[in-house]
Amino acid sequence: RYVASELAADIAVTVGDVKFYLHKFPLLSKSACLKKLVASGNEQNCDEVQISDIPGGSVVFEICAKFCYGMTVNLNPYNVFATRCAAEYLGMYETIEKGNLIYKIDIFLNSSIVHSWKDSIIVLQTTKSLSPLSDELKVAGLCVDAIATNACIDVSKVDWSYTYNRKKLPEENGNDPNFNGVKSRPVPKDWWVEDLCELEIDLYKRVIMSIKTKGIQSHEVIGDALKAYSYRRLPGFSKGVIHSRDVGKYRSTVDTIVWLLPAEKGSVSCSFLFKLLKAAIIVDSGEMAREQLVRQIGQQLEEASLNDLLIRAAEREDVMYDVDMVKKIVNKFLMQDRNAEYESEENEVLEIQRSGILTDASKLIVAKLIDAYLAEIAKDPNLPLSKFVDLAETVSCISRPTHNGLYRAIDMYLKEHPWISKSERKRICKLMDCKKLSADACMHAVQNERLPLRVVIQVLFFEQLRGAAATSSGTSTPDLPKSLKNPNGGSHGSSRSAPTNPEEDWDSVSATEELKALKTEL
């Protein structure tokens, strides 16, 4: 490439595969690096200079060369950082000449770029390819602080045009016939979260940390930002999976999001935390990340759904679901009741109650949730009895008005595992309290041939007591099936398990031959 000039070029500068035919005087007056290279070439009687490692390559070198000639150069958010790095490489300092390129670029960055929300993000993205220089020249830090500052300004000072990712509303496009020229919709506090999803995870981490350090944005807004980033950056995250052949490349993203989670309860939903936990298991995150998620999920387990709890076991496992992980979460939930601590300060006893003290309502919700979970995992033919029993015993400390859900789970397990021994059947049936079965559940249980005979007798006994008490008090109670009143009346088919529909949906069936013998024995 040549410069339009009457003077013949007296130096050739090769940058990559592009050769520039230039003049020494304008270059050497502004670049310490070129002055040194030309001096070295003169000693060897050579008028050619080789530059192979200049940041930005030949395109950016041309910008620097034009500046040396006094030509107009166009700086924008996409090339300003690379040009700044090239100017540093060429040694275009103020000590060489006043008003040199480095000085001009620094003014442009501080007076224009940092005041623009969009431009700050673009420049920060361009620093990724030249990351070692971005910190050395402090450009990345400048952009991070500018973005964090803009994200924390009062929303009353934010215009919707600030955001460049968000689709415009009808009134902003001028398509709303009712729009009278006045902005009618207030700017939400999380107006900035979608824009930051453009950043790579290491830059995103720096921005979020800077926003958190300023202490202006609430932990709920920080949680919204992390949620938006997760859905954008992790394919399949909304379904609790990672859709990629190379899931390992998402490990740093998952680990960083977990690390950035606010510690305050309710910052993000319990469902989101479960999705993060499932993603952490898929990408094989470290134990520290998993433990943090288990702890935070445990703090708000009452918000979870059955689908949240269905965490797939590792492929090398025989079972379908990771029951041990759910047990850890339940234990973390129950530990909150022990979070009342006492501290002595200046001979005064101060009671410190953390926000996680459990209510009876939240404990009951979790107990019912685990009952439903037990009924679901009971369908797994490879589920060991010990895992089922251990999890059920974990919530046995929670008083429940009814054990219908637990009975349904037990019956499902017995149905799917008909080969277990008599002693194992007794062990699993000890989990429920027959006195806490509803009348409909009792009607189902006394006809259930999968239950041990002793359990059926207990159910029938307590149902009879309930009927007697109801009679003495003048109230009515559902009659037992006719087959129990007259067990010798005909032949009947075998009973079936409780359905997977709601707990109250109990089937009505005929009594079995076992119950005929039971009636005789009674």
Side-chain angles (χ1 to χ4, degrees), residues 1 3 11 13-16 18 20 22-38 49 51-151 162 164 195-196 198-200 202-203 206-207 210:
R1 298 187 181 181
V3 177
I11 185 174
V13 181
T14 302
V15 182
V18 179
F20 295 86
L22 306 171
H23 303 86
K24 292 181 181 179
F25 176 73
L27 296 179
L28 305 189
S29 64
K30 289 184 170 61
S31 172
C33 175
L34 288 176
K35 183 183 291 187
K36 182 178 179 180
L37 290 174
V38 169
V49 173
I51 299 178
S52 58
D53 55 350
I54 184 172
S58 60
V59 175
V60 175
F61 176 79
E62 184 174 341
I63 294 175
C64 296
K66 285 182 176 180
F67 179 82
C68 292
Y69 278 90
M71 299 179 183
T72 301
V73 294
N74 294 318
L75 294 178
N76 57 59
Y78 296 95
N79 66 17
V80 65
F81 177 66
T83 306
R84 175 66 177 85
C85 292
E88 187 74 22
Y89 177 92
L90 294 172
M92 303 177 75
Y93 304 114
E94 286 297 281
T95 54
I96 303 299
E97 183 174 281
K98 292 292 184 181
N100 215 336
L101 184 56
I102 290 177
Y103 173 76
K104 298 282 188 182
I105 292 176
D106 287 345
I107 289 179
F108 178 65
L109 287 170
N110 287 281
S111 63
S112 177
I113 296 296
V114 298
H115 297 294
S116 168
W117 170 253
K118 177 180 177 179
D119 291 346
S120 298
I121 295 176
I122 293 173
V123 173
L124 184 59
Q125 286 175 298
T126 64
T127 65
K128 179 70 175 177
S129 58
L130 299 167
S131 54
L133 286 171
S134 65
D135 289 321
E136 183 181 332
L137 302 180
K138 300 180 180 179
V139 175
L142 183 70
C143 293
V144 166
D145 186 66
I147 294 169
T149 300
N150 283 327
Y162 243 50
Y164 65 97
D195 297 337
L196 297 192
E198 300 293 322
L199 299 173
E200 295 295 328
D202 53 343
L203 297 175
R206 292 180 63 175
V207 172
S210 182

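- Between Leu133 and Pro55, the closest side-chain pair of non-hydrogen atoms falls below 4.5 Å.
- Panel note: side chain Glu198, backbone Ile121; no donor-acceptor pair is recorded below 3.5 Å.
- A distance of 8.0 Å separates OG in Ser29 from NZ in Lys35, rounded to the nearest 0.5 Å.
- Residues Ile96 and Gly91 approach most closely at CG1-O, 3.6 Å, considering heavy atoms.
- Judged as a side-chain hydrogen bond (donor to acceptor under 3.5 Å, both in side chains), and not counting sequence neighbours, the contacts of Glu97 are Lys30.
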Side-chain donor/acceptor pairs under 3.5 Å, residues 102-113, sequence neighbours excluded:
| residue | atom | partner | partner atom | Å |
| --- | --- | --- | --- | --- |
| Asp106 | OD1 | Arg84 | NE | 3.0 |
| Asn110 | ND2 | Asp106 | O | 2.7 |
| Ser111 | OG | Ile107 | O | 2.6 |

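- Looking only at distances, a side-chain donor or acceptor of Tyr69 sits under 3.5 Å from a matching main-chain atom of His23.
- Under the 3.5 Å distance criterion, the side-chain polar atoms of Glu200 are left unmatched by any main-chain donor or acceptor of Gln125.
- Looking only at side-chain heavy atoms (C-beta outward), Leu34 and Ile11 stay at 4.5 Å or farther from each other.
- A search for side-chain hydrogen bond (donor to acceptor under 3.5 Å, both in side chains) contacts involving Ser116 returns Asp119, not counting sequence neighbours.
- Across every non-hydrogen atom of Leu101 and Phe67, the tightest pair is N-CE2, 3.4 Å.
- Side-chain contact between Val139 and Val80: absent, with no pair of heavy atoms (C-beta onward) separated by less than 4.5 Å.
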Does Leu124 form a side chain to side chain contact (heavy atoms under 4.5 Å, CB included) with Val207? I'd like the steps, not just the answer. CA-CA 10 Å; Leu124 184 59; Val207 172; 3.8 Å; yes

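- Side chain of Ser120 to main chain of Ile147: no donor-acceptor pair is present (N/O by atom type, distance under 3.5 Å, no hydrogens or angles).
- Going from atom CD1 of Ile122 over to atom CG of Asn76 covers 8.5 Å, rounded to the nearest 0.5 Å.
- In plain terms, the two heavy atoms of Ala148 and Ser210 that are nearest each other are CB-OG, 3.2 Å.
- Between Asn79 and Val60, every side-chain heavy-atom pair lies at or beyond the 4.5 Å cut-off.
- The closest side-chain heavy-atom distance from Val13 to Phe61 is below 4.5 Å.
- Listed by first and then second residue, the salt bridge (charged side-chain N to carboxylate O under 4.0 Å, His left out) pairs that reach into residues 64-83 are Glu62-Lys66, sequence neighbours excluded.
- Residues satisfying the salt bridge (charged side-chain N to carboxylate O under 4.0 Å, His left out) criterion with Asp145, sequence neighbours excluded, are Lys214.
- With a 4.5 Å cut-off on side-chain heavy atoms, Ser129 and Phe81 do not count as touching.
- Contacts of Lys138 classified as salt bridge (charged side-chain N to carboxylate O under 4.0 Å, His left out), with partners at least two apart in sequence or in another chain: none.
- Using a 4.5 Å heavy-atom cutoff, the side chains of Pro77 and Lys118 are not in contact.
- Rounding to the nearest 0.5 Å gives a distance of 7.5 Å between OG of Ser134 and CG of Leu203.
- Between Met92 and Cys68, the closest heavy-atom pair is CE-SG, 3.6 Å.
- One distance of note links CD1 of Ile51 with CG of Leu90; it measures 6.0 Å at 0.5 Å rounding.
- For Asp135, the side-chain hydrogen bond (donor to acceptor under 3.5 Å, both in side chains) partners at least two apart in sequence or on another chain are Arg206.
- Partners of Asp53 under the side-chain hydrogen bond (donor to acceptor under 3.5 Å, both in side chains) rule, at least two apart in sequence or in another chain, are Tyr89.
- Residues passing the salt bridge (charged side-chain N to carboxylate O under 4.0 Å, His left out) test with Glu136: none are found, sequence neighbours excluded.
- Going from atom CG of Leu196 over to atom CH2 of Trp117 covers 4.5 Å, rounded to the nearest 0.5 Å.
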